[in-house]
Amino acid sequence: MSVHTTGAAVDGRHYDAIVVGSGWAGSLVARHLGRKNWRVLVLEAGNGGTDNWVDYQDSVRTFSSAVAKVPNSAYRPNRAAPSPDVLDLSPGGPGNPDGYRATGHFLQTGPLPYGTDYLRALGGAGMHWLGAVPRMFPEDFSTRTAYHYGLDWPLGAADLEQHLRDAEHLLGTAGESREQHRLGTVPADHEYPMEQIPPSYQDKVFHKKLDTRTVVDKVAGNREYRLQVYGLPQARNSTPNAAYPTADGSTYKPRGAVGVPNFGERCVGNASCVPVCPVQAKSSPLRLQQDFTGTVEIATRCVVSRVLPGRGNTVRGVEFREYGDPATPASRAYRAEADVVVLAAHAIENAVLLLASHMANSSGNVGKHLMDHPTLLAWAETPPEMPVGPYRGPGHTSGLECFRTAEGRRQRAPFRVEIGNWGWGWATGAPMSSVSGMLGLGGDSDGEVNPDGRYGPALRSALGSHLNRQVQLQIAVEQHADPANRVTIDPSRHRDAMGNPRPIIHYDLAKHVRDGMYAARLAALEIFKLLGATDRSSYGAQADGSYPLGHYRHSPDGVLEELDLVYHGAGHGAGTHVMGAERATSVVDTYQRTHDHPNLFAVGCGSMPSVGTSNPTLTMAALALRSAERIHRDLAELHQPVTVAGPRAARTQEVAQ
Amino acid sequence: MTDHEAAAHSAGPAPLDRFVRLCVPLTGFTAYELRSTGMAQLYFDTAGREIGHRSLDAFLGVWEEAHQGGLGPSRLPALERELARALIYLWYTGAFPRIAPAAHAELRRDRPNQEFVASPESYPEGLVWRAFGGHPAGAKPPGFGTWGDEPPVLPTEAELAARIAAEDAGPGGAVAYDAGSYGSAGESGGSTPAHLLPGPRSSRAVSPSAVPPASSHPVRETSPEAGE
């Protein structure tokens with residue numbers, strides 16, 4: 001059980017470690033250090049209160065009440081610690097095809113919008129994530145060497161193997177190891193704790209229609225790709241895998257809801273993983289926080305404003321502001337000290353904190369290399385005799401993996417084709433917008449009442465048939481590290497209500513990425529053709545002359561026809577304090593320790609030099625566990641007075657007793 | 001609203017009964033199905049508040065007359081047609097929609113023309129989920145692995161029409177279902193016409209009822225009031 005405290009109560013106190021942020025990375029680090037008996041303070045900027053059953057239900061109700069059921073729609077807005085929201089962006093309007101307008105937490109200055117959100121609340125974006133945990137391919141760690149783009153990692157997949165397994169255990173993952181081994185993402189002896197989440201009915205239709213068929217990629221030199229549908233590893237409770245090895249030889253026991261025993265131990269198909277799993281069968285950081293020992297304290301509503309410098313190049317602790325009411329920014333400033341400070345506040349917030357503290361930036365790379373998985377949505381209608389039954393089960397349970405690896409990457413960014421289980425929801429707002437569309441509701445572009453529509457039995461029957469035939473592909477394209485995509489701050493001009501600097505985002509898609517998205521669009525058309533489905537995707541000018549947010553036109557070589565394309569943010573912010581062997585070109589080392597400050601760590605997706613085509617949480621979790629072990633060793637060394645001399649060590653020793 | 005109107009609006013079960021009865025042919029769901037959502041009173045109150053109790057009452061009168069005359073909603077005048085759509089949207093999604101600006105103006109509403117969810121309880125009661133044999137996202141979960149099952153066989157339009165006609169049978173017998181004036185595509189209904197499908201949401205901030213159709217409605221030779 002975690003111990004809750006307040007900012008006022010911890011003011012001036014000294015800890016072994018301070019962890020900034022209570023999402024996946026912060027919770028993994030704090031959990032590990034607590035179990036090693038270190039005294040840890042976790043400072044969470046956002047609200048707490050979801051870590052008991054009754055208050056968790058408030059999130060479910062908030063979701064039910066929301067008109068736009070976006071990733072942050074289950075969580076209350078918070079002025080004191082604002083979160084970016086996908087609702088903050090709107091298109092540029094007629095005559096401004098690639099333009100956009102941005103409000104909210106981010107100030108955006110780039111040619112294209114950064115359409116990704118995160119959540120500042122207990123558990124962080126780990127509350128609204130989908131729960132997809134595919135591993136990165138070994139080749140994803142060295143795209144610079146192998147394919148001449150992006151940045152290489154200073155370590156490889158093999159170096160992370162044990163930590164990946166530990167992360168898969170702690171997150172509680174379900175998957176089919178044999179299949180993933182064939183794909184090339186896990187070793188032969190690998191097992192997931194739980195059996196694969198059953199595929200959706202739609203997945204089976206795709207298997208039947210697509211497996212062994214081929215698609216030619218005109219962008220990648222007319223290379224032929226053989227389609228094969230693969231299951232998706234997920235951090236979602238399923239049937240325990242009897243073959244999974246546990247320490248004491250017992251069968252793995254799924255972990256369910258926080259605060260209710262024996263509940264949520266299997267997914268029951270609420271089909272709302274993003275933004276909230278009502279039964280908590282989807283894993284969240286709240287689970288890890290239940291494991292916190294008594295030496296770990298959490299203080300919510302405490303916004304860290306800067307890291308405090310210590311002697312030499314060390315850091316001493318953090319300064320933070322505690323607020324009582326999320327609706328008002330009234331707050332008090334406090335300080336806490338620690339031997340080790342771990343920033344785990346999300347890639348973008350970590351960068352803001354480092355920049356605001358004037359720390360860890362001797363390379364000039366803090367904030368640079370901002371990444372995401374720009375995602376192309378393609379949607380289609382299957383024939384009446386071939387319903388796929390969407391809006392059931394987890395958000396996606398299978399995908400097409402063939403475009404993710406190998407030589408094609410040299411010519412265009414690789415991409416992963418997710419087979420969406422929730423109809424046209426993301427692209428069009430269905431099934432609600434399908435109701436208004438079928439009714440002819442809302443008027444024409446002049447605001448006049450529309451003539452056509454279906455009503456009564458005709459409506460119910462047409463909607464029933466049509467909604468069961470909605471197919472949506474969500475194609476996540478790799479975005480490589482590009483120094484021009486970056487987070488900066490301008491504290492003299494742009495601060496949030498509490499006075500902390502707002503992230504200023506400059507974002508664009510490089511040609512390699514645009515080429516990948518172009519290839520993804522052509523692949524989607526081929527897939528729809530093989531399915532016998534009618535493509536309904538639309539990326540160009542709409543009836544009122546405006547273009548969808550994230551629009552651009554592109555031809556990879558000037559010879560292929562120029563196409564309208566639209567990308568969406570995937571919520572996979574990464575790369576703002578990249579890891580590297582050279583301190584001149586990177587911010588952290590392989591343990592996510594900042595090169596400049598031996599006791600300051602920046603953990604999370606911000607450390608990743610590349611993201612491949614995999615949802616990044618699992619890799620981030622493995623990195624966090626690797627860091628936690630390193631921090632434990634550092635603290636152990638610090639607390640051996642024989643080997644560590646000097647006044648600082650002596651003082652630390654006194655406090656520890 | 002005057003006190004008298006408010007009293008008339010909320011006087012006992014009769015107005016609510018009438019509201020539900022007239023929503024049966026609009027939605028294609030039986031009175032029992034509508035009542036079993038538990039939302040009838042909330043929707044009656046919400047609609048009255050949104051479009052004005054007097055306008056709602058006038059609409060119900062016009063619709064009742066058309067329905068008794070064997071005509072479907074597509075034969076209604078423009079304003080009433082849009083109000084029929086708004087009520088159906090409320091039943092199908094639990095949210096009151098953004099309506100055509102022309103209708104909004106004609107009603108002289110004092111409320112913003114913006115979609116909102118009537119209550120956290122109404123969202124999972126939306127009929128749209130039942131229309132395709134599904135369940136609302138985030139509620140009424142059907143159980144582990146059920147998403148791998150074949151989607152259910154749904155009742156045909158004729159079966160649905162027969163079901164509600166049986167319920168409707170008054171002293172003068174059941175009102176015959178005039179499929180054309182309900183916008184039916186008849187037997188040819190395979191691929192849905194683009195103007196009845198949603199287009200892309202230009203941003204996530206656009207509410208579902210404000211998403212424009214995938215293409216403009218075809219221009220009509222004659223006004224729909226005059227028949228198709």
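Values in this document were obtained by computation on a predicted structure and should not be read as measured data. Numbered from 1 within each chain, the chains take letters A, B, ... in sequence-line order.
Interface residue B:Y177: only side-chain heavy atoms are found under 4.5 Å from chain A. Using a 4.5 Å cut-off between heavy atoms, B:P25 touches chain A through its backbone atoms (N, CA, C, O) alone. In this structure, the portions of B:A161 lying under 4.5 Å from any heavy atom of chain A include both its backbone and its side chain. Both the backbone and the side chain of B:Y89 come within less than 4.5 Å of a heavy atom in chain A. Heavy atoms of B:L26 lying under 4.5 Å from chain A belong exclusively to its backbone. In this structure, the portion of B:S216 lying under 4.5 Å from any heavy atom of chain A is its side chain and not its backbone. Using a 4.5 Å cut-off between heavy atoms, B:P212 does not touch chain A at all. Of the atoms belonging to B:E121, it is side-chain heavy atoms, and not backbone ones, that fall under 4.5 Å from chain A. In this structure, chain A has heavy atoms under 4.5 Å from both the backbone and the side chain of B:A194. Residue contact with chain A, scored on non-hydrogen atoms closer than 4.5 Å, involves the backbone and the side chain of B:H195 alike.
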Q) Should B:T93 and B:E115 be marked as a side chain to side chain donor-acceptor pair (under 3.5 Å) after you check the CA-CA gap, both sets of side-chain angles, and the distance that decides it? A) CA-CA 11 Å; B:T93 69; B:E115 179 169 347; 5.0 Å; no

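Heavy-atom pairs under 4.5 Å with chain A peak, among B:G145, B:P155, B:S209, at B:S209. Between chain A and the options B:A139, B:A179, B:S119, B:A214, the largest number of non-hydrogen pairs under 4.5 Å is found for B:A139.
Counting heavy atoms of neighbouring residues, nucleotides and ligands inside a 6.0 Å radius, atom CD of B:E65 does not exceed 12 of them.
For the pair B:W91 (side chain) and B:G126 (backbone), a donor-acceptor distance under 3.5 Å is absent.
Side-chain contact of A:S238 with A:Q234: a donor-acceptor pair under 3.5 Å is absent, judged by distance alone. Under the 3.5 Å distance criterion, with hydrogens and angles disregarded, a donor-acceptor pair is assigned to the side chains of A:D98 and A:H551.
A salt bridge links B:R130 with B:E125: the closest approach of a Lys/Arg side-chain nitrogen to an acidic carboxylate oxygen falls below 4.0 angstrom. Note on B:E33 versus A:R460: salt bridge recorded, some NZ/NE/NH1/NH2 to OD/OE distance being below 4.0 Å.
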